[in-house]
Trainee: 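Encoded as structure tokens, here's the structure I'll be asking about.
Quick caveat, the model's predicted, so the values are computed rather than measured. Atom set for the values below is all heavy atoms of this structure, side chains included, hydrogens, waters and symmetry mates excluded.
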Amino acid sequence: MKTTTFAACLFAALPGLAAADGLEDIAEARRGYYKLLGSDMAALAAMAKGEVEYDAAVAETRARNMQILTTYDRAGLYVPGTSTADLPGETRALPAIWEDMAGVQEDGKAFVAAVEELQAAAGEGRAALGAAVQKVGGTCKSCHDDYRAKDF
């Protein structure tokens with residue numbers, strides 16, 4: 001019975017502990033999420049630029065990876081208290097994100113739409129891939145310009 005009571009108390013306390021101690025973890029998870037997207041995007045951009053040989057199957061896989069990542073519920077990655085002002089050196093997320101969440105969401109919708117187009121174009125040759133990669137890159141730049149610090 002004491003073990004059950006202790007466990008119940010511990011689990012009841014975990015949300016408070018997570019809120020107090022988990023902000024760095026949330027910022028790290030957000031960076032990890034975008035690092036995954038960036039890895040696939042970099043490989044596709046290199047292929048589109050001719051820096052590596054175009055391979056339709058690889059391009060389709062990389063684009064599908066990105067599309068799958070767009071289905072991830074990112075709300076938990078944008079917890080208040082995880083901006084550059086809150087966690088200097090831990091993140092490049094500007095406080096403007098939380099001041100303009102509607103703008104962030106609009107940029108996110110444009111990104112998702114561009115990734116869907118990328119997925120459709122990835123296996124259609126270097127030129128089609130290049131145009132789609134440029135469009136995705138433009139959506140990344142738009143968000144980075146407004147909501148991401150240049151440095152940690």
Trainee: Quick check on the hydrophobic clustering: are Leu87 and Tyr147 connected, directly or via other members, by side-chain heavy-atom contacts under 4.5 Å?
Mentor: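 Different clusters.
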Trainee: As an exercise, state the distance from CE of Met47 to CG of Leu129, rounded to the nearest 0.5 Å.
Mentor: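 Between atom CE of Met47 and atom CG of Leu129 there are 7.0 Å.
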Trainee: Within the side chain of Tyr54, is there an N or O that forms a donor-acceptor pair under 3.5 Å with the backbone of Gly125?
Mentor: yes
Trainee: Cluster question for you: counting only ILVMFWY and a side-chain heavy-atom cut-off of under 4.5 Å, with indirect links fine, are Ile68 and Tyr34 together?
Mentor: no
Trainee: What distance separates Ile26 CD1 from Tyr78 OH, expressed to the nearest 0.5 Å?
Mentor: 12.5 Å
Trainee: Just to verify, which of Leu44, Leu37, Leu118 counts as forming a side chain to side chain contact (heavy atoms under 4.5 Å, CB included) with Val136?
Mentor: Leu118
Trainee: Is any side-chain heavy atom of Phe111 closer than 4.5 Å to a side-chain heavy atom of Cys143?
Mentor: no
Trainee: Checking side chain to side chain contact (heavy atoms under 4.5 Å, CB included) against Val112, which of Thr139, Leu69, Thr70, Asp107 comes through?
Mentor: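 Among Thr139, Leu69, Thr70, Asp107, the one that satisfies the side chain to side chain contact (heavy atoms under 4.5 Å, CB included) with Val112 is Thr70.
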Trainee: Where is the tightest heavy-atom contact between Pro95 and Ala85, given as atom of each residue plus distance?
Mentor: CG-CB, 3.8 Å
Trainee: Give a yes or no answer on whether the side chain of Arg30 reaches the backbone of Thr82 with a donor-acceptor pair at less than 3.5 Å.
Mentor: yes
Trainee: Which atoms form the tightest heavy-atom contact between Gly130 and Ala48, and what is the distance?
Mentor: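 Closest pair (atom of Gly130, atom of Ala48, distance): CA-CB, 3.6 Å.
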Trainee: So, the side chain of Ser142 versus the backbone of Gly138: is there a donor-acceptor pair under 3.5 Å, distance only?
Mentor: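 Side chain of Ser142 to backbone of Gly138, a donor-acceptor pair under 3.5 Å: no, none is there.
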Trainee: More than 12 foreign heavy atoms under 6.0 Å from OH of Tyr72: is that the case here?
Mentor: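 It does not: Tyr72 OH has 12 such atoms or fewer within range.
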Trainee: Group every Ile, Leu, Val, Met, Phe, Trp and Tyr by side-chain heavy-atom contacts under 4.5 Å, then state whether Phe152 and Leu23 land in the same group.
Mentor: no
Trainee: Give me the atom names and distance for the closest heavy-atom approach of Gly76 to Val79.
Mentor: O-CG2, 3.4 Å
Trainee: To the nearest 0.5 Å, what is the distance between CD (Glu28) and OG1 (Thr91)?
Mentor: 11.0 Å
Trainee: At their closest point, which heavy atom of Ser83 faces which heavy atom of Trp98, and how far apart are they?
Mentor: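 Looks like CB-CZ3, 3.4 Å.
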Trainee: Starting at CD of Glu90, measure out to CG of Asp25 and round the result to the nearest 0.5 Å.
Mentor: 9.5 Å
Trainee: What do you reckon, is CD of Glu51 surrounded by more than 12 foreign heavy atoms closer than 6.0 Å?
Mentor: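 Correct, the count exceeds 12.
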Trainee: Between CD of Gln67 and CG of Asp40, what distance do you get to the nearest 0.5 Å?
Mentor: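 These two atoms lie 12.0 Å from each other.
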Trainee: CD of Gln119 to CD of Glu60: how many Å apart, nearest 0.5 Å?
Mentor: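 Answer for the CD-CD pair, Gln119 versus Glu60, is 9.0 Å.
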